[in-house]
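Input: a single structure, listed below in structure tokens.
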Amino acid sequence: MDFTTQLLIAAISAGTPLLLATLGGILNERAGIIQLGAEGLMLMGAVITCIVYIRSGSLIVALLATVAVTAVLGLLHSFLCVTLRANQTMSGLAMTLFGSGLSAYLGKPISGIPLPGTSPKLHMSWLEPIPVIGKIFSNMDYLTWFSLLLVLVLHLLIHRTSWGLHLRAVGDSPATADVMGIRVQLIRYSYVIAGAALIGLAGADMVLAYAPTWNEGLTAGRGWIAVGLVIFARWNPLRALFCAYFFGALDSLGFRIQLLGSVVPSYFLKMIPYIVTILVLMYLGYRNRNKPSGTPEALGVPYIREQRF
Amino acid sequence: MIQRGRVFSFSFVLIFLLAVVLAGCGGNNNAASNANATEAPAANAGTATEAPAATTEPAAKKPTVAFVYIGPPGDGGYTYQHDQGRLYMEKELGIKADFVENVPESADAERMITELAQSHDIVFTTSFGYMDYTLNVAKKFPNVKFLHASGYKTSENMGTYFGKNYEASYLTGIAAGKMTKNNQLGYVGAFPISEVIYNLNAYTLGAQSVNPDVKVSVVWTNTWYDPTTERQAAISLLDKGADVLLAYQDSPATLQAAAERGAFAGGNDSDMSKYAPDNYLTNPVWNWGPYYVKAVQSVMDGTWKSEQYSGDMIDGMIELAPFGNKVPDDVKKLVEDAKAKIISGDLDVFTGPISDIAGNVKVQEGQKLTLEEVLAMNWLVKGVEGTIPQ
């Protein structure tokens, strides 16, 4: 296998949890609700997966429980932000603090216990003869395939269906959407809950694919990176795919450069993803300076019917 | 407008309350252990008032002991081993010790150590980064004994303790050198500091002792615990061709990555075989219990004095984890033989001739490195492929 193929495989492996969390964040923010709780939700997703998988022995049950629990947290976030019109930044930060603390507490009894299994893989031997693609796709796990499929589905949903039109309307101008007969509150609730569940799955993927056991603070800040990637991807699922894998590749590139016997200190190599992010953001900002930013117009603004601002 | 203002103030009050409640929950685990710590002062305040009575009969009084942990006891690695040591000490001496987990290596540590020092006779600080904070607090509490793991600063009432875990790294290297099929080993190092460097060097020397052609590639992750990063490091080593990995890290991520590719791997600090029994090699393991018993006992006897204690395979502070299922008997025998030689004193890991990467002779034929020289090691032995960032 050549260097590029290896790097691509590593990028997909490192990028999948980021991708899932970013897609969750996109759903959230497209509906106009800021999601800063990703770190906490990922931790909760990871710990629930571990607890239920260890106790029940069934991966499906574990994933369903993860989706259910993180969806409840999403419900809480949307109740605060949509119904109570609380400050969305505060609510998101509270979600992160809550998630990190609660996951550490819940995880105590199962900390360090190995999971019964890891992420199941989909073997497709018929793909293997194809040069690069075969190597990459013939042995990916189900969650990775799910995330790829999800990119496509969400892209079509947001940009090609009337549901997506409603979603964008709610995120850009809830008052207009309301006048047009779209149920703003319902849509915001549903997408925040769905988004939270996806971020929970990102946490599940981290324990299943990386380290087969629960430990406190396992995400090590990946949730915050996902929060950044939502903006980096400019709220677009296809770009999210690119950004997540790009970030995954950069993450892995540092080690590969170390192994090539480079004289660059490893501290600098560890900064690569962040330096490149800054450079790309500068470039994109310059190139798109005359275009709309892509930010949902009503992001962070609570909607109150008949309220003039 | 009034309506709107009310809604907003209502929601602000609510979110504030929620944040308070959540923050409370968030700190739950710490609160639980802090409860230990704060109960202790209360309990001690009781004894403090009776102090005159207590001093007249010192033999009856058992010391109060506290531990400061860098991680959670359930980390399955470094802190877990310290916690096992604490439990062993409690059982052996019948003392109930307090502990505080997840104490960051920052000014917070000094605050925590100060709090513990007010109510305890012996404080064990179990991570390198607590060194200066422990020393500061030790100056303020001359009657309290402080014991700091892995550091090099001491004072009248502050000693250090650590162990020659490189002896076990050497033995792990022997197993790795025999198990590799293509003579390419990989090492996932946390930080390019002497503790990791001398373990990496010992691992390499061990492997070379049974397989002179072996090469060890090293990558630095600059983190003690981050499964995603550790996995990326492991995969990049596997992609380079390494077929046996050792990770000086706290998570089993390297072991899992190796298992997926059918390679062998080991971890650090504790027995990690349960995560992938068929792909597990072995690795150094800490066994702190006997030392904790000895240290506390010497304080009880009044024989304690500040020292730099270094445990080894003889006193049992350093052990080798049980081998994985697929390690053949002849490899096990080689390792056991070398272990016997280390224990009998016939084998010293850093015995010359040893050259560094550039080929400069660092240890002359027939000479041995002193413990101080080992602990300050900042060069890589020949056969390691990698660099120490300056």
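Basis for what follows: all heavy atoms, side chains included, without hydrogens, waters or symmetry-related copies. So you know, we letter chains A, B, ... as the sequences are listed, proteins then strands, and number each from 1.
When heavy atoms are compared at a cutoff of 4.5 Å, Glu260(B) approaches chain A solely by way of its side chain, counted from C-beta outward. Of the two parts of Ala233(B), the backbone and the side chain both hold a non-hydrogen atom closer than 4.5 Å to a non-hydrogen atom of chain A. Interface remark: Phe268(A) contributes no atoms to any contact with chain B (heavy atom separation under 4.5 Å). Proximity to chain A involves both the backbone and the side chain of Thr229(B), based on heavy atoms less than 4.5 angstrom apart.
A salt bridge links Asp239(B) with Arg261(B): the distance from a Lys NZ or Arg NE/NH1/NH2 to an Asp or Glu carboxylate oxygen falls below 4.0 Å. At a threshold of 4.0 Å, the pair Asp226(B)-Arg231(B) does not count as salt-bridged, since none of the basic side-chain nitrogens sits closer than that to a carboxylate oxygen.
Your options are Thr387(B), Val219(B), Val218(B), and the one with the most heavy-atom pairs under 4.5 Å with chain A is Val219(B). Here Pro72(B) is the residue among Ser217(B), Pro72(B), Ser270(B) with the most heavy-atom pairs under 4.5 Å with chain A. Ranked by heavy-atom pairs shorter than 4.5 Å toward chain A, the options Ala253(B), Pro192(B), Gly386(B) are led by Ala253(B).
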Are Asp251(A) and Arg256(A) close enough, and set up right, to give a salt bridge (charged side-chain N to carboxylate O under 4.0 Å, His left out), and what steps lead you there?
CA-CA 10 Å; Asp251(A) 228 6; Arg256(A) 282 155 212 275; over 6 Å; no

Report the C-alpha separation of Thr204(B) and Tyr187(B) in whole Å, then their side-chain angles, then the decisive distance to 0.1 Å, and conclude whether the side chain to side chain donor-acceptor pair (under 3.5 Å) test is met.
CA-CA 9 Å; Thr204(B) 309; Tyr187(B) 198 89; over 6 Å; no

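Among the candidates Trp220(B), Tyr248(B), Trp224(B), the single residue satisfying the ring-ring contact (aromatic ring centres under 6.0 Å, His included) test with Phe191(B) is Trp224(B).
Between Phe67(B) and Tyr69(B), the ring planes lie tilted relative to each other; the angle falls in the 30° to 60° range.
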